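Labels below follow one simple rule: chain letters A, B, ... track the order of the sequence lines, proteins then strands, and each chain is numbered from 1. Here the structure is a predicted model, which is why all the values come from computation and not from measurement.
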Amino acid sequence: MVIDKHPMDDWLRKDRIPHIWCPSCGIGIVATCYIDALRASGIDRDKATVISGIGCTGRIPGYMNLDSFHTTHGRALPFATGIKLANPELNVTILSGDGDLFAIGGNHFIHAARRNIDLTVICVNNFTYGMTGGQVAPTTPMKAISATSPYGNFEHPFNLVHVASAAGAIYVARWTTLHVRRLRNAILEAMTKRGFSFIEVISPCPTSYARSNKLGTGLDIMRFYQQRSVIRHGFDPAKTDITMSSEIIVGKFVDSEKPTFTDNYEEYCKKLKENK
Amino acid sequence: MVVNEFNNKLIIVISGQAGQGVSTVESILTSILKKNGYNVFATKEYMSRIRGGCNSSEIIVSDISINSFCDKIDILFPLDKGYSSHLLKRISRDTIMIGEKGNFYPDHENIIEIDFSSIARKLGGNIYTNIVIAGLMLGMLDTDISISEEFIQGFFGKKDNEVIKKNIEAIRSGMAEGISLKQIKINIEKKEFVKTNLLFSGTDSIALGAIAGGCNFIASYPMSPSTGVLTFLSQQSREFGIIAEQAEDEISAINMSLGASYAGARSMVTTSGGGFALMIEGVSLCGMTETPLVIHIGQRPGPATGLPTRTEQGDLEMVLYSGHGSFPRIIFAPSTLENGFCITQKAFNLADKFQIPVFILTDQYFLDTYYDIEPDTLDIPDTGNKSCIIESNLDYKRYELTINGISPRSVPGYGKGLVVVDSDEHDEIGHLTEDLDIREEMNRKRISKIEEIKKAIIPPVLLGDLNRNYVIVSWGSTFNVIAEALKNKEFKDIALMHLIQVYPLHDSIPEYLKNKTIILIENNETGQLGRLLKLEFGINIEKRILKSNGLPFSKEEIEENLRIALRS
């Protein structure tokens with residue numbers, strides 16, 4: 001059977017395809033999952049906005065047929081905070097990489113989570129700086145080789161789901177790009193949930209990270225995810241560190257309720273109106 | 001008994017440790033004096049500490065507006081025995097010190113001893129000392145007790161009645177002392193119309209101007225001396241529908257404000273040089289994405305932390321060149337508080353119209369100064385604040401190429417089209433592109449907006465006729481003090497050209513300066529505006545009056561330096 005129209009065509013900026021990502025890269029899978037989730041959510045398309053920082057993942061919004069803003073390195077979250085405060089009706093999703101969100105944008109991340117502003121953050125974690133040429137990231141596991149850790153990384157990495165839950169995120173999950181359906185469902189859940197939601201997606205970087213650390217081809221990495229991933233919903237995020245040799249614990253770790261920044265603000269505004 | 005007589009004006013200084021209430025006395029006195037019909041001016045200099053040290057406030061009471069800092073001190077109220085070296089330089093033999101025994105400067109002869117503390121203690125404690133001092137000054141001048149009482153009611157309104165009652169007693173006791181003080185005779189005429197004048201500070205002028213300009217979003221990070229604008233707008237946010245957010249740092253602040261602007265808000269940030277250094281990345285994003293933004297910078301001496309609570313006009317060059325890449329910008333530097341209000345309102349409309357960053361450069365002196373203002377002088381020509389945002393249609397292009405470089409701006413969720421924005425170089429729709437021809441077209445488009453911007457440049461303010469041989473060139477907060485000094489007949493051959501818009505510069509400037517001896521006055525070490533004039537117009541300036549010790553120019557200092565300039 002030949003289909004001349006891809007089911008995602010309406011949601012993509014077809015004229016922008018082919019995309020820039022390397023063969024076997026996981027970012028396209030994440031983009032697809034996001035669109036699929038958005039479509040299933042029933043959210044008015046005119047009310048959906050995607051924001052990104054810089055890097056390979058930062059290029060996602062450029063391929064989406066949605067209101068979008070490709071900001072500068074690390075600044076997607078403060079920018080998105082401004083949008084959400086100025087127009088709370090918009091459904092704002094941030095799609096960015098681990099370096100962008102947790103190195104240069106690390107301070108913004110913890111504060112956005114602390115505020116519990118109603119944003120959905122999808123972080124594609126490929127353990128490296130892809131676009132700049134495979135340098136060490138705050139997520140690079142100990143001993144891993146990168147362009148700037150040629151003798152193996154000496155620094156302890158961040159465990160992103162732990163950081164997010166400690167900083168106050170009300171929804172925290174981790175999946176790999178192998179877990180397509182679970183990832184799509186998680187995004188759907190996160191984007192329809194009020195508050196600061198965070199999803200970490202473990203994703204291959206076949207060109208830099210996988211090659212430097214001899215992880216094999218894209219298919220090998222998928223097999224690796226299949227063998228190493230263990231689904232543990234509700235597991236303590238503090239105990240989900242990822243090392244070169246450990247299991248990858250995936251699942252939904254946090255799903256809690258807490259009034260959001262805009263809820264608190266709107267409640268105050270409502271009270272004012274009642275008292276008038 | 002020697003009687004000291006003061007006619008038409010009186011310069012009062014209150015000095016003391018941080019935390020002793022110097023500012024409280026200042027604000028009570030100025031408010032009540034204005035309500036009685038006296039013209040008032042006040043400014044403060046203070047150390048970067050919450051307790052201790054030596055701070056001082058100057059209050060000028062007069063029968064015509066004197067809105068400039070003077071070195072001379074007629075009456076000094078020392079609340080403490082500590083004197084900073086810069087305060088000591090201002091004390092002359094004629095300065096009358098009024099205060100308690102232990103606080104007088106050793107060997108100063110012209111003193112009037114009043115035991116404020118014991119008067120205060122009789123009322124219930126030292127806490128009333130400042131009110132007694134304010135009362136004394138009010139008694140020495142011709143003021144109405146009912147105005148003072150009404151003010152105290154309002155000032156302490158949130159406290160219980162006992163507190164209000166005690167403070168009224170304190171002000172009464174102080175006034176009784178003041179009336180009985182026969183060594184000082186003050187003749188300053190009161191004016192009925194002054195009673196209804198507005199009394200506000202530089203900080204208020206910027207914040208009120210922002211409200212007048214339709215500002216509904218501010219994100220910032222506290223940094224002296226600019227913080228007051230954030231605090232003011234936070235406190236007024238309910239009244240005027242403003243979202244005021246304190247961000248985790250200045251990088252975040254400017255990005256939040258840009259995000260809000262993308263979503264349709266009229267947004268601003270307020271910061272000082274050190275905080276602005278962090279914002280520069282955002283300025284470049286603002287330039288690339290053509291997102292309107294107003295940036296207020298309250299200048300203070302740098303580099304680095306510098307002198308956190310003091311003043312300087314040292315950030316013009318940083319602001320001028322901030323942000324990598326080329327894109328147009330507007331830089332304003334308000335001359336007076338009235339002008340600060342009007343310029344800030346205008347800034348929001350220009351940012352919206354041209355889709356550029358618009359800067360407002362003030363400084364600590366400007367922000368911490370206040371005086372009474374006739375409401376009529378706050379005339380703003382364009383009160384409509386008409387928004388330039390359009391509803392998008394399906395084939396909307398955010399960066400459509402137009403003749404004047406300005407593309408119609410829409411916001412997400414308003415109309416059928418998409419608002420696509422990229423910090424990378426982009427095409428008309430807003431998509432990232434590496435088509436280098438488009439890059440050139442887009443760069444040209446952005447830069448070409450300057451022609452439209454130039455049509456709206458505010459011409460320089462001119463004082464004195466054009467036949468004079470000397471012209472002072474200055475900018476920003478120094479206007480009032482220079483204008484005041486030029487009232488002196490010695491300087492009848494000197495005119496003033498004062499810039500409110502420091503970038504882009506008005507074309508008329510070289511014409512005014514042709515064949516004149518130029519005297520540059522700037523509150524910085526290197527003459528940054530002078531260098532800009534050289535760069536833009538090839539103008540050479542030989543005579544320069546510069547200062548960067550963290551204090552503003554005083555009227556006397558300008559006079560003295562002008563005399564030197566005329567002689568040499």
Side-chain angles (χ1 to χ4, degrees), chain A residues 13 15-16 20 44-54 58-59 61-92 94 104-112 114-115 117 119 261-262 265 268-269 271-272, chain B residues 216-219 237-239 241 243-267 269 281-282 284-286 288-289 291 293 324 392 396 398 410-424 426-427 429-434:
Chain A
R13 291 165 179 167
D15 54 325
R16 310 288 301 166
I20 63 149
D44 179 358
R45 196 157 146 177
D46 279 341
K47 301 282 179 208
T49 305
V50 273
I51 309 298
S52 70
I54 292 297
R59 301 293 285 268
Y63 302 112
M64 304 231 164
N65 215 359
L66 293 168
D67 289 318
S68 62
F69 202 120
H70 183 203
T71 71
T72 41
H73 43 30
R75 315 304 171 218
L77 272 168
F79 196 95
T81 303
I83 296 175
K84 191 68 190 178
L85 287 176
N87 186 357
E89 280 182 22
L90 296 177
N91 186 282
V92 185
I94 293 90
I104 191 166
N107 196 25
H108 308 313
F109 183 86
I110 55 172
H111 287 280
R114 169 182 66 79
R115 290 184 190 104
I117 181 146
L119 299 173
F261 179 18
T262 32
Y265 183 73
Y268 182 73
C269 291
K271 262 190 206 153
L272 280 180
Chain B
N216 52 16
F217 191 98
I218 179 169
S237 59
R238 196 169 79 181
E239 205 64 37
I243 291 171
E245 174 64 3
Q246 184 179 320
E248 59 271 21
D249 57 31
E250 285 88 349
I251 304 173
S252 178
I254 192 167
N255 279 282
M256 283 185 182
S257 289
L258 285 170
S261 182
Y262 168 67
R266 284 201 160 201
S267 67
V269 293
E281 170 198 297
S284 195
L285 178 65
C286 177
M288 178 52 120
T289 59
T291 308
L293 185 66
H324 52 290
S392 63
Y396 174 71
R398 173 66 187 88
S410 188
V411 297
Y414 187 46
K416 297 238 174 328
L418 296 177
V419 187
V420 182
V421 179
D422 204 305
S423 73
D424 279 59
H426 41 258
D427 59 15
I429 296 173
H431 288 312
L432 177 153
T433 185
E434 292 204 38

For the residue pair [X] and [Y], establish whether any side-chain heavy-atom pair is separated by less than 4.5 Å.
X       : Y       : result
R13(A)  : L418(B) : yes
E281(B) : R75(A)  : yes
E245(B) : F261(A) : yes

Leading residue by heavy atom contact count with chain B [cutoff under 4.5 Å; candidates N87(A), I54(A), T72(A)]:
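Option with the top pair count is T72(A).
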
Among D44(A), T49(A), N107(A), I51(A), residue most engaged with chain B (heavy-atom pairs, under 4.5 Å)
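It is N107(A).
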
Checking heavy atoms, do the side chain of [X], its backbone, both or neither come under 4.5 Å from chain B?
X      : value
S68(A) : both
L90(A) : side chain
R59(A) : side chain

Pick out which of T289(B), L258(B), V420(B) makes a side chain to side chain contact (heavy atoms under 4.5 Å, CB included) with F69(A).
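Of the listed options, the one satisfying the test is T289(B).
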
Can you tell me which of S261(B), A219(B), S252(B) forms the most heavy-atom pairs within a distance under 4.5 Å of chain A?
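The candidate making the most pairs under 4.5 Å is S252(B).
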
Do you know which of S257(B), A260(B), G264(B), A263(B) has the most heavy-atom pairs under 4.5 Å to chain A?
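Most heavy-atom pairs within the cutoff with chain A belong to A260(B).
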
Under 4.0 Å between a side-chain nitrogen and a carboxylate oxygen: does that hold for E248(B) and R114(A)?
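Result for this pair is no, no salt bridge flagged.
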
